[in-house]
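If you're wondering where the values come from, they're calculated on a predicted model, not measured in any experiment. Numbers restart at 1 for each chain; the letters A, B, ... are given by sequence-line order, proteins then strands.
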There are 2 protein chains.
Amino acid sequence: MNCNDNDENCRTACFHPDLVEQVRDAMPGEPLQLDLAKLFKVLGDHTRIRILNALYRSELCVCDLTSILGMNQSAVSHQLRVLRDAKIVRSRKQGKNVLYSLDDSHISDLIRVGCEHVQEGT
Amino acid sequence: MNCNDNDENCRTACFHPDLVEQVRDAMPGEPLQLDLAKLFKVLGDHTRIRILNALYRSELCVCDLTSILGMNQSAVSHQLRVLRDAKIVRSRKQGKNVLYSLDDSHISDLIRVGCEHVQEGT
DNA sequence: TTTTCACATGAATACTTATTCATACGATAC
DNA sequence: GTATCGTATGAATAAGTATTCATGTGAAAA
């Protein structure tokens, strides 16, 4: 018998049923886990991380970001859209420009903890 | 003139040069940002988030995880490999089984803060 | 009104990646 | 040794996505 098959035999024989039951009950619901994965997925891109690291320091317009990242404006706008849709950044108009900033403090927390993790090497 | 062109004119005319300079200097180096993006990218998958949420509760063998997630063993192993390579989980053998657990506390921190963010709806 | 400017966006392309299938591997039991 | 069990992995497929190019949009300036 192999755990490949998700049948009843496997469920009671080849592993720790009590523990599995316990963990299954304690886990968050699927919607939350989907949202969580989506959040991290949006954070998990080099360009978007650079945008967030910039906005972490200051509110900036699209053109500022374009210059800081050294990439074309279309690419930056596309990624800003992804970040806006995920409610990770917010935007406001000022004259001809659109100014972007981080939406809330959780984002900076995540970036800070993430940085700590990768800096410690582990 | 448009910021599409990343030429010298654009760099000095159409945005806030001092601010851009300042932010550019304050930003982390590229290697760190690449590592950070990679970390979040690995966290940004539904299956892997479910694995981590399970391991957050208890050390578990592959077969346990297979049962909890209700997916085939190969898929779980593949994702565990990704998590291992990213140093997000660690493994040890016990008899015939391989037991997995979270590698360090930063990971649980990230999951916790991330959960807070998505739960608040922001 | 017409032009210009900063930004947004649709389509296309190239690249990445999650899952499945089949199979391999290493250790234990027989 | 041989069989079995838990886990790992290579190849293939299908789905997702970042970037570029070209163009659209809305507002301000001329």
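- Side-chain atoms of S77(B) never come within 3.5 Å of backbone atoms of S74(B) as a donor-acceptor pair (strictly under, hydrogens ignored).
- Residue-to-nucleotide proximity on DNA chain D shows that, of S91(B) and R48(A), the 5′-proximal contact is made by S91(B).
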Between the protein and nucleotides 9-14 of chain D, are there any N/O to N/O pairs under 3.5 Å, and if so, what are the atom names and distances?
from	atom 1	to	atom 2	distance (Å)
dT9(D)	O4	S74(B)	OG	2.5
dG10(D)	O6	H78(B)	NE2	2.9

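- Using modelled atom types, no side-chain atom of N97(A) and backbone atom of Q94(A) make a donor-acceptor pair closer than 3.5 Å.
- Rounded to whole angstrom, the span from the CG atom of L65(B) across to the P atom of dG6(D) amounts to 15 Å.
- With sequence neighbours left out, E21(A) forms a side-chain contact (heavy atoms from CB on, under 4.5 Å) with D25(A).
- When the nearest nucleotides of DNA chain D are assigned to L99(B) and D45(A) by heavy-atom distance, the more 5′-ward of the two goes with L99(B).
- For residues 27-44 of chain A, proximity to DNA chain D is found at K41(A), defined as any non-hydrogen atom under 4.0 angstrom from a strand atom.
- Partners of A26(B) according to the side-chain contact (heavy atoms from CB on, under 4.5 Å) rule, which considers only residues two or more places apart in sequence or in another chain, are R57(A).
- The CZ-P distance, from R92(A) to dC7(C), rounds to 13 Å in whole Å.
- Salt-bridge formation is not detected for the pair D103(A)/K87(A): no Lys NZ or Arg NE/NH1/NH2 atom is positioned less than 4.0 Å from an Asp or Glu carboxylate oxygen.
- The separation between Q79(B) atom CD and dT7(D) atom C1' is 15 Å, rounded to whole Å.
- With V76(A) as the fixed residue, the side-chain contact (heavy atoms from CB on, under 4.5 Å) test singles out one of I68(A), D64(A), T47(A), T66(A): T66(A).
- Distances shown here put a side-chain N or O of Y100(A) below 4.0 Å from the OP1 or OP2 atom of dA8(C).
- Scanning for side-chain hydrogen bond (donor to acceptor under 3.5 Å, both in side chains) contacts around S58(B) gives an empty result, with sequence neighbours left out.
- Atoms CZ (R50(A)) and P (dA18(D)) sit 14 Å apart, rounded to a whole Å.
- D85(A) places its CG atom 12 Å from the P atom of dA8(C), with the value rounded to the nearest Å.
- A donor-acceptor contact shorter than 3.5 Å links the side chain of R24(A) to the backbone of S67(B).
- The stretch residues 39-48 of chain A participates, sequence neighbours left out, in no salt bridge (charged side-chain N to carboxylate O under 4.0 Å, His left out) pair at all.
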Table please: side-chain donor-acceptor pairs of residues 28-38 of chain B below 3.5 Å, with sequence neighbours left out.
from	atom 1	to	atom 2	distance (Å)
E30(B)	OE1	H46(A)	NE2	2.8
Q33(B)	OE1	N53(A)	ND2	2.6
Q33(B)	NE2	P28(B)	O	3.1

Filtered N/O pairs between nucleotides 25-30 of chain C and protein, under 3.5 Å:
none

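- Atoms CD1 (I49(B)) and P (dT17(C)) sit 17 Å apart, rounded to a whole Å.
- The side-chain contact (heavy atoms from CB on, under 4.5 Å) check on V113(B) picks up H106(A), D109(A), L110(A), with sequence neighbours excluded.
- Evaluation of the side-chain contact (heavy atoms from CB on, under 4.5 Å) rule for R81(A) yields R84(A), D85(A) as partners, not counting sequence neighbours.
- At the phosphate of dA6(C), neither OP1 nor OP2 sits under 4.0 Å from any side-chain N or O atom of N97(A).
- Look at CD1 on I51(B): it is 12 Å from C1' on dA18(C), rounded to the nearest Å.
- Rounded to whole Å, atom P of dT17(C) lies 18 Å from atom CG of L80(B).
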